[in-house]
Amino acid sequence: RDECPLIEKDVREFFLYLDAKSYVQYLMEGAGTYDHFKRLIKRLSLRTPVPAGEGIDTVLMTRNVFHFYRVLDKIDIRLIKEIIANEGETLELTLELFYKWLMLGDRCPDPEGVRPSLEVLYHYAGFFLNTIGGRAYLLRRPLGIRLLFSYYSLLIVHEADRAKKNSYGIDVFPMIGPLAKEMSIYPDFHFREDYLRRLNQIDKYYLKKR
């Protein structure tokens, strides 16, 4: 499909854009961010967090709290923090692009095997929405980032639900209203109406099923 090469091109161009940034060059010491990204995705995919069950397993809760520190290197964490800090103005467009890329699934070729499966995405989305560790991680980020990560995580769990792959039975319906309310009053979103429209559609989907 036509969207496949376009989205792949946009993703590659994003990393070329990062490669030209001085703060990235300083951290990466000449290494390319796209190749680094591929290795990072592979590590995250091999060691996913558990998105439910913390209430009956305190060890699991502790593991979730420290998940990224166990899976990622210090340079990975610092690079992600620097990108968030320096590219905040384009964060909405960047997250939209990567959400589209992540959700391409079998519709587009993935010869390098970079894109994680819906199951992997579901584990991380559930982690951010449904665990103390995931929510604590987001609460330490700026409000706009927390809202956007929560929004895209909700979309992913919803897609898993529709595909009958919501293996932990995560119920996103009670989360929709509070998230929509927060997003509606956050002043800096350029695409607020799009977010609210999508959340309203998902809300109606679950209302029909109840």
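One-based numbering along the sequence shown. What you see is a predicted model, and the numbers here were worked out from it, not measured in a lab.
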Can I get a per-line list of side-chain donor-acceptor pairs under 3.5 Å for residues 38-46, giving both atom names and the distance, sequence neighbours left out?
{"residue": "Lys38", "atom": "NZ", "partner": "Asp35", "partner atom": "OD1", "Å": "3.3"}
{"residue": "Lys38", "atom": "NZ", "partner": "Glu112", "partner atom": "OE2", "Å": "2.7"}
{"residue": "Arg43", "atom": "NE", "partner": "Val71", "partner atom": "O", "Å": "3.4"}
{"residue": "Arg43", "atom": "NH2", "partner": "Asp76", "partner atom": "OD2", "Å": "2.2"}
{"residue": "Ser45", "atom": "OG", "partner": "Ile41", "partner atom": "O", "Å": "2.8"}

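- Looking only at atom types and distance, the side chain of Glu87 has a donor-acceptor partner in the side chain of Tyr17 under 3.5 Å away.
- Between atom OH of residue Tyr195 and atom CG of residue Leu148 there is a gap of 5.0 Å, rounded to the nearest 0.5 Å.
- Using a 4.5 Å cut-off between side-chain heavy atoms of Ile, Leu, Val, Met, Phe, Trp and Tyr, with links allowed through other members, Ile80 and Tyr99 fall into the same hydrophobic cluster.
- Within 6.0 Å of OH on Tyr23 lie more than 12 heavy atoms contributed by other residues, nucleotides or ligands.
- For the pair Leu104 and Glu3, the minimum side-chain heavy-atom distance is below 4.5 Å.
- Using modelled atom types, one side-chain atom of Asn64 and one backbone atom of Val50 make a donor-acceptor pair closer than 3.5 Å.
- At most 12 heavy atoms of other shown residues, nucleotides or ligands fall within 6.0 angstrom of atom CZ in Arg63.
- Less than 6.0 angstrom separates the ring centroid of Tyr186 from the ring centroid of Phe189.
- A donor-acceptor contact closer than 3.5 angstrom is absent between the side chains of Tyr26 and Glu82.
- Judged by distance alone, the side chain of Thr33 and the main-chain N or O of Phe15 form a donor-acceptor pair under 3.5 Å.
- Between Phe127 and Phe68, the distance from one ring center to the other falls under 6.0 angstrom.
- Using a cutoff of 4.0 Å between basic side-chain nitrogens and carboxylate oxygens, Asp171 and Arg210 are scored as salt-bridged.
- To the nearest 0.5 Å, atom OG1 of residue Thr48 and atom CG of residue Leu121 are 11.0 Å apart.
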query = After noting the C-alpha distance and the side-chain angles of Glu54 and Asn130, does the key distance pass the side chain to side chain contact (heavy atoms under 4.5 Å, CB included) rule?
reply = CA-CA 9 Å; Glu54 288 180 338; Asn130 197 53; over 6 Å; no
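- Rounded to the nearest 0.5 angstrom, Lys100 NZ and Leu102 CG are separated by 13.0 Å.
- Between the CG atom in Leu97 and the CZ atom in Phe14 there is a gap of 8.0 Å [rounded to 0.5 Å].
- Side-chain contact between Cys4 and Glu8 is absent, with no heavy-atom pair separated by less than 4.5 Å.
- For the pair Glu92 and Asp188, the tightest heavy-atom approach, listed with the atom from each and the gap, is OE2-O, 3.6 Å.
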query = Yes or no on side chain to side chain contact (heavy atoms under 4.5 Å, CB included) for Arg146 and Leu139, after CA distance, side-chain angles and deciding distance?
reply = CA-CA 7 Å; Arg146 174 174 67 79; Leu139 284 171; 3.8 Å; yes
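- Val65 and Ile77 are not part of a single hydrophobic cluster, where members link through side-chain heavy atoms under 4.5 Å apart.
- With rounding to the nearest 0.5 Å, the separation of CG in Leu16 from CZ in Arg12 is 8.5 Å.
- Note on ring orientation: taking the six-membered ring where Trp is involved, the planes of Tyr206 and His158 are perpendicular (angle over 60°, cut-offs 30° and 60°).
- By the rule that hydrophobic residues join a cluster once side-chain heavy atoms approach within less than 4.5 Å of another member, Tyr69 and Ile84 end up as members of one cluster.
- Not counting sequence neighbours, the partners of Glu119 by the side chain to side chain contact (heavy atoms under 4.5 Å, CB included) test are Ser117, His123.
- Put simply, the side chain of Asn166 never gets that close to the backbone of Ala160: no donor and acceptor are under 3.5 Å apart.
- One hydrophobic cluster, built from ILVMFWY side chains closer than 4.5 Å, cannot hold both Met183 and Ile185; they sit in different ones.
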inquiry  = Before you tell me yes or no, could you show the steps for Asp19 and Gln25 under side chain to side chain contact (heavy atoms under 4.5 Å, CB included), namely the whole-Å CA-CA distance, both residues' side-chain angles and the distance that decides it to 0.1 Å?
reply    = CA-CA 6 Å; Asp19 288 342; Gln25 293 172 352; over 6 Å; no
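- Judged purely by atom type and a 3.5 angstrom limit, Asp57 uses its side chain to pair as donor or acceptor with the backbone of Val59.
- Minimum interatomic distance between Leu196 and Ser184 (heavy atoms only, all atoms of both residues): CD1-CB, 3.9 Å.
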ask   = Going through the checks in order, is the side chain to side chain contact (heavy atoms under 4.5 Å, CB included) test met by Met28 and Leu18?
value = CA-CA 10 Å; Met28 298 297 294; Leu18 287 183; over 6 Å; no
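- Classification of Lys165 and Glu159 as a salt-bridged pair fails, no side-chain N sitting under 4.0 Å from a carboxylate O.
- Looking only at distances, a side-chain donor or acceptor of Arg115 sits under 3.5 Å from a matching main-chain atom of Gly105.
- You'll find the side chain of Tyr151 stays beyond 4.5 Å of the side chain of Leu95, heavy atoms only.
- Look at Glu13 and Lys9 and you find a salt bridge, because one of the NZ, NE, NH1 or NH2 atoms lies within 4.0 Å of a carboxylate O, short of that distance.
- In this structure, the side chain of Glu182 does not engage the main chain of Leu147 through any donor-acceptor pair within 3.5 Å.
- Here Leu138 contributes atom CG and Ser153 contributes atom OG; the two are 7.0 Å apart, rounded to the nearest 0.5 Å.
- Between Tyr137 and His67, the distance separating the two ring centers is not shorter than 6.0 angstrom.
- Following chains of ILVMFWY side-chain contacts shorter than 4.5 Å, one can reach Leu91 starting from Leu79, so the two form part of one hydrophobic cluster.
- The aromatic ring centres of Phe98 and Phe37 sit less than 6.0 Å apart.
- The local environment of CD in Gln201 is crowded, with over 12 non-hydrogen atoms from other residues, nucleotides or ligands closer than 6.0 Å.
- In this structure, Leu60 and Ala52 approach most closely via the heavy-atom pair CD2-O, 3.3 Å.
- Listed here is the closest heavy atom pair of Pro111 and Pro109: CD-C, 3.6 Å.
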